[in-house]
Asks: 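Can you keep this structure in mind? I'll have questions shortly.
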Amino acid sequence: MAHLQLTPLAAGGGRGGADEMEEVALLGPDSYDEEAAAAAGPEEEEGMRRVQVRVTGMTCSACTAAVEAAVSARRGVGGVAVSLLQSRARVFFDPALAKEEDIIEAIEDAGFEAELLPDSTVSQPKLQNTLSGQFRIGGMTCTACVNSVEGILKKLPGVKRAVVALATSLGEVEYDPSVISKDEIVQAIEDAGFEAALLQSSEQDKVLLGLMGLHTEVDVDILHDILKKMEGLRQFNVNLVLSEAEIVFDPEVVGLRSIVDTIEMESSGRLKAHVQNPYIRAASNDAQEASKMLHLLCSSLFLSHTDSPLVPLQQIPVFFIRMVCPRIHFTRSLLLMHLGPFYIGDLLKWILVSIVQFGVGKRFYVAAYRALRHGSTNMDVLVVLGTTASYVYSVCALLYGAFTGFHPPIYFETSAMIITFVLFGKYLEVLAKGRTSDAIKKLVELVPATALLLLKDKEGKYAAEKEIDASLIQPGDVLKVLPGSKVPADGTVVWGTSHVDESMVTGESAPISKEVSSIVIGGTMNLHGILHIQATKVGSGTVLSQIISLVETAQMSKAPIQKFADYVAGIFVPIVVTLSLVTFIAWFLCGSLGAYPNSWVDETSNCFVFSLMFSISVVVIACPCALGLATPTAVMVATGVGANHGVLVKGGDALERAQNVKYVIFDKTGTLTQGKATVTSTKVFSGIDLGDFLTLVASAEASSEHPLAKAILDYAFHFHFFGKLPSSKDDIKKRKQQILSQWLLEVAEFSALPGKGVQCLINGKKILVGNRTLITENGINIPEEAESFLVDLELNAKTGVLVAYDCELIGSIGMTDPLKREAVVVVEGLKKMGIYPVMVTGDNWRTAQAVAKEVGIEDVRAEVMPAGKADVVRSLQKDGSVIAMVGDGINDSPALAAADVGMAIGAGTDIAIEAADYVLVRNNLEDVITAIDLSRKTFSRIRWNYFFAMAYNIIAIPVAAGALFPFTGLQMPPWLAGACMAFSSVSVDFVDR
C-alpha cells in the first residue's frame with residue numbers, strides 16, 4: 001500500500017457538526033511510560049534509564065523517606081519513587097553519571113536490603129522514537145552503487161538518515177520503528193539489486209532466564225560458550241546459585257525465542273531456559289518473606305516465657321517445661337539449685353532470652369543502627385530501645401542479686417514477649433500487604449502459560465503446531481486458540497470465527513463476536529470456535545501489560561494527603577522517646593518525693609523499676625506504622641478495585657482530586673453519543689441528480705478520517721451498490737475496495753478545516769462539505785429552503801451538513817448520532833451526587849440544546865472550537881471549583897489536560913488517553929460515577945485510617961504512661977504494650993479490606 005497517501009488531520013478533526021472520534025486500539029503503545037516517569041520525578045529524557053529495585057526492611061513512611069533521600073542524593077539520579085506496600089523503588093538516572101550498582105549501594109547504605117528487578121518479562125518499550133541500525137550491504141562496486149542505496153534508503157518512510165560506506169560495505173540507518181521495520185529496510189535494499197542483512201541496532205532489551213540443568217561450574221562454562229557465539233547479545237551475567245542468567249540483547253537482531261532455543265539445542269538438551277516472570281518472582285519473594293517471618297515468630301514464641309499462674313514454674317520457656325522436663329518436681333529442684341552465685345533457672349532464662357534478643361531480634365538492631373546512622377528514625381528504633389532497656393535492666397538486676405544477696409525482680413520475659421508480639425504483627429502485616437496487590441496478581445494470571453504456534457512447511461502452508469512458552473511469542477507469529485482457552489497475545493484474527501469474553505480485561509460482560517480481521521486482546525477467553533490469530537503486540541506492548549503497568553505506577557505514586565503522614569512519621573520517634581523519658585522522670589521523682597503511696601509499688605520491686613516499666617511501655621506501644629500505611633494501603637486497594645471495574649487511575653494525586661469534583665464536562669460526540677453517525681436524510685437544492693450528488697460528496701469525504709465522513713461514504717456506497725455485493729463479509733470488504741478505487745472521482749488539494757469541514761477540488765472546481773460557518777466564510781448564500789431544512793434537523797437533535805460545489809449550494813445531508821443508553825442515568829446520578837453536568841460541543845446551538853434536553857443537561861456550551869474547550873474548563877475553575885472533563889477525541893486532549901481530573905473513554909484516541917488522569921476502559925459512562933465514587937470512598941477510608949492511627953497513639957501512649965493508674969490501679973505491662981502496637985498497624989490493613 002506504499003502508493004497510498006494518508007492525509008493527516010489537524011487537531012480538532014475538521015468538522016463543526018461533531019467532535020473528533022477515531023476507532024483505534026484500546027490503549028496506545030506508549031501511553032503509560034511517560035506516566036510512569038512522571039510518578040518518579042521529571043519526565044524521562046532521552047538517554048535516561050529506569051530501573052526498579054526491590055527494597056526489603058521498610059516499615060513506615062520514615063523508611064521510604066530515608067530511601068528517597070539516599071537515592072536522590074546520588075549524582076545522576078533524576079527522580080525516585082518508593083512504595084512502602086510494594087517494597088519497591090523506581091529510579092530514573094543518567095547512565096553516564098550513575099550506575100545500577102550505585103543505586104543499590106545507596107539503598108543499602110541507608111540501612112535496607114536492595115535487589116535489582118527486571119521491569120517486565122522483557123524490558124519496557126523505549127521512549128526514543130528513533131533507532132540506529134547497522135546493515136551489511138553486499139554487491140556494491142562503485143560510488144554510483146553507494147549513491148543509489150543511499151537514495152533508496154532516504155526515500156523510505158520513517159528513515160531519518162542513511163549513510164553508506166563502500167570500503168566497509170556497511171550502511172547506518174536511523175529510522176522510526178513505528179513507521180518502518182528492519183525487514184522492510186532490508187527488503188528495499190534487496191529490491192534495488194543488492195544483498196542486505198542487519199548486523200546490530202541501538203535497541204536494547206533485558207531478560208531474566210531461569211535455567212534447568214545449571215548445577216556446576218562446567219554447566220556455567222558451557223552456557224558461557226553458547227552465549228558468546230550468539231549474535232545480538234550485548235552482555236550476560238550467569239548466577240549459579242539461583243540458576244539464572246540475565247541477558248541484554250538486541251531484539252532487532254535476535255529474538256527471545258531464538259535465544260532460548262539455541263541454549264537448549266547447543267547444549268544438546270543439557271540446559272533448558274525459560275523466561276522468569278517478574279510478577280511470579282515477586283510473589284515468590286513475598287512468600288519467602290512471610291515464611292522467614294513465620295520462622296522467626298515461631299522461634300521467638302518457643303523461647304519466650306509464660307507468666308500464667310496456671311504454670312507452676314512461672315517465667316520458664318513453655319517448650320522446656322513440656323518437652324525437656326517431664327518430671328515437674330525434679331525440674332523445680334534443679335532450677336532452684338545454685339551454679340556459683342546464680343540460680344540455674346535464672347541462668348537458663350538469661351541464655352534463652354539472649355537468643356531471642358540478639359538472635360531473633362537481630363533484624364531490629366541492624367535496621368535501627370542503619371536508620372540512626374543516616375539521621376532517621378523508625379519503629380525499629382522504638383523496639384530496640386524498649387527491649388534493650390528491659391533486657392539490660394534484667395541483666396543488671398540478676399548480677400546485683402547474685403553478688404549482694406538481694407534479688408530485685410527481673411523482667412526477661414518483657415523483652416522476649418515484646419519481640420514475639422512485634423514479629424507476630426509483622427507477619428500479619430506481610431500477609432495483609434500481599435493481599436493489597438491481589439488486583440495485579442489477578443491480571444497477571446490472565447495470561448496463559450503456553451501458546452500453540454503454527455509452523456509452516458516448505459510450501460508456506462501451516463502443517464504443524466508446537467506448544468511454546470507464551471513469553472516467547474514474537475510479533476508475526478500465527479497462533480492457534482482453542483475453544484475454552486485464553487488468547488495468548490494481542491493480535492488479529494486471520495482465520496476462523498468465534499465469540500470472545502473480554503470482561504476480564506475491559507469489564508464488558510457480553511461476549512464479542514470475532515471474525516477475520518477482528519482485533520483480539522491477550523488474556524481474554526475464546527468461547528466457541530477455533531481461531532488463528534497473528535500476534536501484533538507481545539510482552540510489555542500488550543493491552544494487559546499496559547494496564548498492569550498503569551496500576552503499578554498508580555500504586556507507587558503518593559497522594560498529596562500522604563505528606564501529612566510523612567511529616568508526622570519524621571518527628572514521631574523523637575517525640576515518643578522524649579515522652580518516654582518524661583514518663584520515667586515524672587514517676588521516679590514523684591516516687592522519690594513520696595508523692596504517691598508505697599502500696600502502688602510491688603513489694604518485690606522499687607521506685608526505679610516501677611517507673612522504668614511505664615517508660616518502656618510508652619516506647620513500645622507507640623506505632624508510626626499505622627500512619628505510614630493509612631494512605632498507600634487505601635490507594636493500592638482502590639486502584640486494584642478500579643482496575644477490576646474497568647477504571648484505570650494514573651496516580652494517587654488524581655484519585656485525591658476526584659473526590660472534590662464540582663463540575664463534570666462532557667464532550668458530545670463519542671462521549672454522550674455512541675460516536676456512530678448515520679445518514680438519516682438527504683436533500684438537493686439544484687437540478688443535480690441525487691446519485692451524482694452523493695458521488696461528489698463521497699469523493700470529497702473519502703480522504704477524511706472523521707466519523708461523519710465515514711458515515712457519508714458508507715451511505716453513498718450502499719445507495720449506488722445495494723444488492724450488487726456478495727453475501728460473505730470478507731468478499732464484501734474486498735469488493736468494496738475495488739469499487740471505491742474505480743467509482744470515486746479524483747480529488748486534488750484536499751484539506752480538513754478544524755471545526756468547519758473539508759474542502760478540495762473535483763474536476764477543477766472547489767467543493768465544500770461542512771457547517772454554516774464554512775459555507776458563509778466562502779461567500780456562498782444559503783437559500784431559505786436549505787435554512788429551513790437545517791433548522792428542522794437541528795430541532796430534532798440531528799446534524800446538518802451543507803455541500804457547495806462551484807460556489808453554489810447544491811444540497812444538504814441530515815445525520816444523527818444516537819445517545820448512549822446510559823447517558824440519561826449517568827447525568828441524573830451526577831446531579832444526585834451534587835455534581836453539575838456540562839456539555840461542550842463544536843456542534844450548532846440548536847442541535848446541542850436538543851441533545852442536552854434529551855439527556856437532562858441544563859448547562860450547554862455549543863459551537864466551541866477544539867482550543868475553546870480548554871477555555872471553558874478554565875472559566876469554570878476561576879472560583880476554585882474542581883473540574884472533571886470526559887472526552888474521547890484528539891480535540892479533547894487540551895481540555896483533558898487543563899481539567900483538574902481528565903477522564904478518557906477507553907475507545908478514544910491514544911492522545912486523549914495520554915492526556916487524561918483516568919481511563920475508562922469499558923467505554924461506559926457509568927464508570928464516570930464509579931471513578932468519582934471510588935475516590936470519595938477511598939479518601940473517606942483514608943481519613944478513618946488517620947483517625948484510628950492518631951486516636952490509637954493519642955489514647956494508648958497516656959494509658960501506657962500510667963495516666964489511669966492512680967484512678968484504676970491498672971498498669972499496662974510492656975509485653976502487652978507490644979501486643980497492642982503489633983495489632984495497630986495491621987488494623988489499618990484490614991480496615992481497607
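The analysis underlying the following values was restricted to heavy atoms, covering all of them including side chains, and did not include hydrogens, waters or symmetry mates. Index from 1, following the sequence.
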Asks: Could you grab the distance from atom CG of D917 to atom CG of L648, nearest 0.5 Å is fine?
Replies: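 The CG atom of L648 is 12.5 Å from CG of D917, to the nearest 0.5 Å.
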Asks: Who passes salt bridge (charged side-chain N to carboxylate O under 4.0 Å, His left out) against D871, sequence neighbours left out?
Replies: R874
Asks: Quick one: does L876's side chain get under 4.5 Å of I665's, heavy atoms only?
Replies: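 In contact.
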Asks: Would you name the heavy atoms of A654 and Y918 that are closest together and state the gap between them?
Replies: O-OH, 3.5 Å
Asks: Compare all side-chain heavy atoms of V664 with those of I932 and state whether any distance is below 4.5 angstrom.
Replies: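 SC-SC contact between V664 and I932 confirmed.
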Asks: To the nearest 0.5 Å, tell me how far I883 CD1 sits from N660 CG.
Replies: 11.5 Å
Asks: Measure across V679 and A711 and return the closest heavy-atom pair with its distance rounded to 0.1 Å.
Replies: CG2-O, 4.0 Å
Asks: Could you check D817 against T799 for side chain to side chain contact (heavy atoms under 4.5 Å, CB included), going step by step and ending with a plain yes or no?
Replies: CA-CA 8 Å; D817 187 1; T799 299; over 6 Å; no
Asks: I'd like to check L690 versus F719 (side-chain heavy atoms, cut-off strictly below 4.5 Å). Are they in contact?
Replies: yes
Asks: Kindly state each residue pair satisfying salt bridge (charged side-chain N to carboxylate O under 4.0 Å, His left out) with at least one member in residues 767-789, sequence neighbours excluded.
Replies: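 The answer is K683-E785, K756-E777, R772-E787, R772-E794.
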Asks: The test is side chain to side chain contact (heavy atoms under 4.5 Å, CB included); show your working for N796 and T680 and say whether it passes.
Replies: CA-CA 11 Å; N796 287 282; T680 59; over 6 Å; no
Asks: If only atom types and distance count, is the side chain of T673 paired as donor or acceptor with the main-chain N or O of K668 below 3.5 Å?
Replies: yes
Asks: For S686 versus E808, what's the shortest heavy-atom pair and its separation?
Replies: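 The answer is CB-OE2, 3.9 Å.
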Asks: Please answer whether the main-chain N or O of G691 pairs with a side-chain N or O of H720 as donor and acceptor at a distance below 3.5 Å.
Replies: yes
Asks: Tell me if the OH atom of Y836 is crowded by more than 12 foreign heavy atoms within 6.0 Å.
Replies: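 No, the 6.0 Å shell around OH holds no more than 12 heavy atoms from other groups.
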Asks: To the nearest 0.5 Å, what is the distance between SG (C807) and CG (N781)?
Replies: 12.5 Å
Asks: Quick test of your reading of the model: are D714 and K710 salt-bridged, counting only N-O distances below 4.0 Å?
Replies: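 Salt bridge absent between D714 and K710.
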Asks: According to salt bridge (charged side-chain N to carboxylate O under 4.0 Å, His left out), does anything in residues 856-865 pair up with another residue at least two apart or in another chain? List the pairs.
Replies: K831-E858, D859-R861
Asks: May I ask you to decide if T773's main-chain N or O and T776's side chain share a donor-acceptor pair within less than 3.5 Å?
Replies: yes
Asks: Once rounded to the nearest 0.5 Å, what's the spacing between atom CD1 of I775 and atom CG of L809?
Replies: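 So the CD1 of I775 and the CG of L809 are separated by 6.0 Å.
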Asks: So which atom in A898 and which in Q877 form the shortest heavy-atom distance, rounded to 0.1 Å?
Replies: O-NE2, 3.2 Å
Asks: I'd like to check the side-chain hydrogen bond (donor to acceptor under 3.5 Å, both in side chains) partners of S498; sequence neighbours left out, ordered by chain and number.
Replies: N526
Asks: Whether the side chain of N924 engages the backbone of E926 through a donor-acceptor N/O pair (distance < 3.5 Å, no angle test) should be reported.
Replies: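 Present.
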Asks: Output yes when a side-chain donor or acceptor of E822 lies under 3.5 Å from a complementary backbone atom of L925, and no otherwise.
Replies: yes
Asks: Any non-hydrogen side-chain atom of V647 less than 4.5 Å from a side-chain atom of L920?
Replies: yes
Asks: Taking salt bridge (charged side-chain N to carboxylate O under 4.0 Å, His left out) as the test, write out the residues that go with K853, two or more places apart.
Replies: none
Asks: Taking only residues two or more places apart in sequence or in another chain, which ones pass salt bridge (charged side-chain N to carboxylate O under 4.0 Å, His left out) with K937?
Replies: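 Partners of K937 by the salt bridge (charged side-chain N to carboxylate O under 4.0 Å, His left out) criterion, ordered by chain and then number, come out as D933.
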Asks: What distance do D806 atom CG and L768 atom CG have between them, rounded to the nearest 0.5 Å?
Replies: 10.5 Å
Asks: Can you check whether K798's main-chain N or O pairs, donor with acceptor, with T847's side chain at less than 3.5 Å?
Replies: yes
Asks: Do I688 and Y805 touch side chain to side chain, with heavy atoms closer than 4.5 Å?
Replies: no
Asks: Considering non-hydrogen atoms only, spot the tightest contact between A848 and A862 and give its length.
Replies: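 That would be CB-CB, 3.6 Å.
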Asks: Please report the closest heavy-atom contact between I762 and S699, naming both atoms and the distance.
Replies: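 Taking every non-hydrogen atom into account, CD1-CB, 3.9 Å.
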Asks: Is the backbone of E515 close enough, under 3.5 Å, to the side chain of T497 for a donor and an acceptor to pair up by distance?
Replies: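 Absent.
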Asks: Less than 4.5 Å apart, any side-chain heavy atom of T682 and any of Y715?
Replies: yes
Asks: State, with a plain yes or no, whether a side-chain heavy atom of V769 is found less than 4.5 Å away from one of V801.
Replies: yes
Asks: I need the D900 CG to Y663 OH distance, nearest 0.5 Å.
Replies: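 So the gap between those two atoms works out to 12.5 Å.
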Asks: Backbone N or O of L774 within a donor-acceptor pair of the N771 side chain at under 3.5 Å?
Replies: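 Flag set: sc N771 to bb L774 pair under 3.5 Å.
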Asks: Would you say the side chain of V684 lies within less than 4.5 Å of the side chain of I810, judging by non-hydrogen atoms?
Replies: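 Answer no - side chains too far apart.
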Asks: I would like to know whether F685 and I782 meet side chain to side chain contact (heavy atoms under 4.5 Å, CB included); could you show each step before the answer?
Replies: CA-CA 10 Å; F685 305 116; I782 301 177; over 6 Å; no
Asks: Begin from the C-alpha positions of E749 and C760 and carry the test side chain to side chain contact (heavy atoms under 4.5 Å, CB included) through to its verdict.
Replies: CA-CA 5 Å; E749 299 181 19; C760 61; 5.8 Å; no
Asks: Using 4.0 Å as the upper bound for N to carboxylate O, is an ion pair formed by E502 and K514?
Replies: yes
